[in-house]
Q: 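One structure follows; several queries about it will come next.
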Number of protein chains: 2
Amino acid sequence: MNTASSFIAHINETVQLTEEEKQFISSICLPLTVRQGDFVERSGEVTRYYIYVQSGCLMTYFTDKDAVDHVAQFATARWWTGDLHSITKGIPSIYSTRALADSEVLLLSKHSQEELLEKYPRLERYFRILYQNALVTHLHRIIQGHSAAADERYISFREKYPSLEQYVPLKYIASYLGITPEFLSKVRRRLMEKG
Amino acid sequence: MNTASSFIAHINETVQLTEEEKQFISSICLPLTVRQGDFVERSGEVTRYYIYVQSGCLMTYFTDKDAVDHVAQFATARWWTGDLHSITKGIPSIYSTRALADSEVLLLSKHSQEELLEKYPRLERYFRILYQNALVTHLHRIIQGHSAAADERYISFREKYPSLEQYVPLKYIASYLGITPEFLSKVRRRLMEKG
DNA sequence: ACAAGAGGTTGAACTAGGTTAAGAAAGAAT
DNA sequence: ATTCTTTCTTAACCTAGTTCAACCTCTTGT
């Protein structure tokens, strides 16, 4: 049982790993323990690591010109987060990532990922499928944002991510849904009153 | 010069192809010519093909419970479209795809893609990078939808996709931006008056 | 114990964007 | 040429969601 075992199990669901591959993956992953509130990535800096969450919960958000934060995504166990654009292109990130709870993450540097994929091209498949699934989710979120009212979006958020409620303050859920905390409060009240 | 040559050139930018690979790719791509208005994919049916656009322009959209269409994405030359969720999971599609202009597309069936990737796993890389870039774009669109007003979104749409204006009626651009055609009209008027 | 924050709720006034309906402009079809 | 259809615009009115400010409840730190 080493520090990257949950990550290895996760990859193994998509691509069967050899012992050698497992060992190599373990060797390039940097385990990191973060406390609630800690930054894992800061906007303005070039993102250096792909971030994999083993336990706890992170949130990645964009801060606009009026200093308002907008939640891009939450990440709980077995999810990735971080600014792909920044890390792949080497440009400063527009997102910050912070821990919403004490969490254990694995950091995979850009260089390590490249080395990994060069050495074991089979693993491209893991990331391909990961990104493919994320794409489906993101497009659904865009469309739902355009076609569904706030209350409907809130209801389906709760159905889709019931486990997040334990970690995530309502104001961040509001932000994720694209509404203000005050309005989410009203939505919740209406839903309570109805049943 | 065969029917898939533009597609092969596109892949070749990411992964250097051998002659054998090129030949195989050509053999599994189904070229299709569609006229403006034609459907390439219909919601309710299981999507059978990944759709690559060689020329022209397609749009993929979701029709909500009130029969209102919401544009998920446009696809011009060298872009892919189609409902990934439907094709990968074999469930009925929630999106339809139609030609906004006479277009030439290549269809890659689910089976052919699987065969391709099994035979030449190197090509996973092409799709991985494709999806990775799409993910960046989608997330940016979500965040912009939450942080920028309609006029700002319209301006950056025009900057980002100047070539689309020739193909795409304003009402679909409005839909893509998440506003009504009437409101886009107001936005355009305001921008005209200002300069 | 106390203060100081952070998160959540409420309500009143406001606004970005939606709705409805009608007309103008521009293609496409006969 | 002229009709038909689709796209775009305008204007009056409407509403989902915002803003601002006050207040309440928990935590957290001292």
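Here is the naming used below: chain letters follow the sequence lines, and residue numbers restart at 1 for every chain.
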Q: Tell me the interatomic distance from B:Tyr167, atom OH, to C:dG27, atom P, rounded to whole angstroms.
A: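 Going from B:Tyr167 (OH) to C:dG27 (P), I get 17 Å.
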
Q: In this structure, how many angstroms lie between the C1' atom of D:dC8 and the CD1 atom of B:Ile173, rounded?
A: 12 Å

Q: Considering only C:dT10, D:dT7, D:dG17, which nucleotide approaches the side chain of A:Ile179 most closely?
A: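 Looking only at side-chain atoms, A:Ile179 lies closest to D:dG17.
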
Q: If the plane angle is over 60° it's perpendicular, under 30° parallel, otherwise tilted; pick one for B:Tyr61 and B:Phe39.
A: tilted

Q: Find the distance B:Gln166:CD to C:dG27:P and express it as a whole number of Å.
A: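 Rounded to the whole Å, the gap is 15 Å.
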
Q: Counting side-chain heavy atoms from CB outward, which of D:dC8, C:dG11, D:dG17 is closest to A:Ala150?
A: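 Of the candidates, D:dG17 comes closest.
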
Q: Starting from the 5' end of DNA chain C, give me the residue, B:Gln36 or B:Ala148, whose nearest nucleotide shows up first.
A: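 It is B:Ala148, whose closest nucleotide lies nearer the 5' terminus.
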
Q: Between the base of C:dG8 and the side chain of A:Lys186, is one N or O donor paired with an acceptor at under 3.5 angstrom?
A: no

Q: Could you check whether A:Arg78 makes a cation-pi contact with A:Tyr52, meaning its NZ or CZ is under 6.0 Å from the centre of the six-membered ring and within 45° of the ring axis?
A: no

Q: Answer with yes or no after comparing the ring centroid distance for B:Tyr49 and B:Trp80 against a 6.0 Å cut-off, counting only values under it.
A: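 Centroid separation for B:Tyr49 and B:Trp80: 6.0 Å or greater.
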
Q: Among D:dC8, C:dT9, D:dA16, which nucleotide sits nearest the side chain of B:Leu170?
A: D:dC8

Q: Measure from CZ on A:Arg35 to C1' on D:dT28 and round the result to the nearest Å.
A: 13 Å

Q: Using a cut-off of less than 4.0 Å, is there contact between a side-chain N or O of A:Thr180 and OP1 or OP2 of D:dT18?
A: yes

Q: If you assign A:Ala149 and B:Leu184 each to the DNA chain D nucleotide with the nearest heavy atom, which residue ends up on the more 5' nucleotide?
A: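 Closer to the 5' end of DNA chain D: B:Leu184.
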
Q: Would the B:Phe24 and B:Tyr120 ring centres measure less than 6.0 Å apart?
A: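 Here the rings of B:Tyr120 and B:Phe24 have centres that are less than 6.0 Å from each other.
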
Q: Can you check the B:Phe183 CZ to D:dG17 P distance for me, whole Å?
A: 15 Å

Q: Between D:dT9 atom C1' and B:Tyr154 atom OH, what is the distance in whole Å?
A: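 Rounded to whole Å, this separation is 13 Å.
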
Q: What integer distance in Å separates B:Leu177:CG from C:dA16:P?
A: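 Between P of C:dA16 and CG of B:Leu177: 17 Å.
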
Q: Respond yes when some side-chain nitrogen or oxygen of A:Arg189 is under 4.0 Å from OP1 or OP2 of C:dT10, and no when none is.
A: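 Yes, within the criterion.
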
Q: To the nearest Å, give me how far apart NE2 (B:His146) and P (C:dA16) are.
A: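 Spelled out: NE2 on B:His146 to P on C:dA16 is 18 Å.
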
Q: Would you please classify the geometry between the A:Trp79 ring and the A:Tyr161 ring as parallel, tilted or perpendicular, with 30° and 60° separating the classes?
A: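 Correct class here is perpendicular.
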
Q: Heavy atoms only, 4.0 Å cut-off, all strands: where does B:Gly178 land among base, sugar-phosphate and nothing?
A: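 Touches sugar-phosphate only.
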
Q: Where the side chain of A:Arg188 is concerned, which of D:dT18, C:dT9, D:dT9 is the nearest nucleotide?
A: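 For the A:Arg188 side chain, the nearest candidate turns out to be C:dT9.
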
Q: Which of the following nucleotides, D:dA21, D:dT9, C:dG18, is nearest to the side chain of A:Glu182?
A: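 When the side chain of A:Glu182 is considered, D:dA21 is the closest of D:dA21, D:dT9, C:dG18.
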
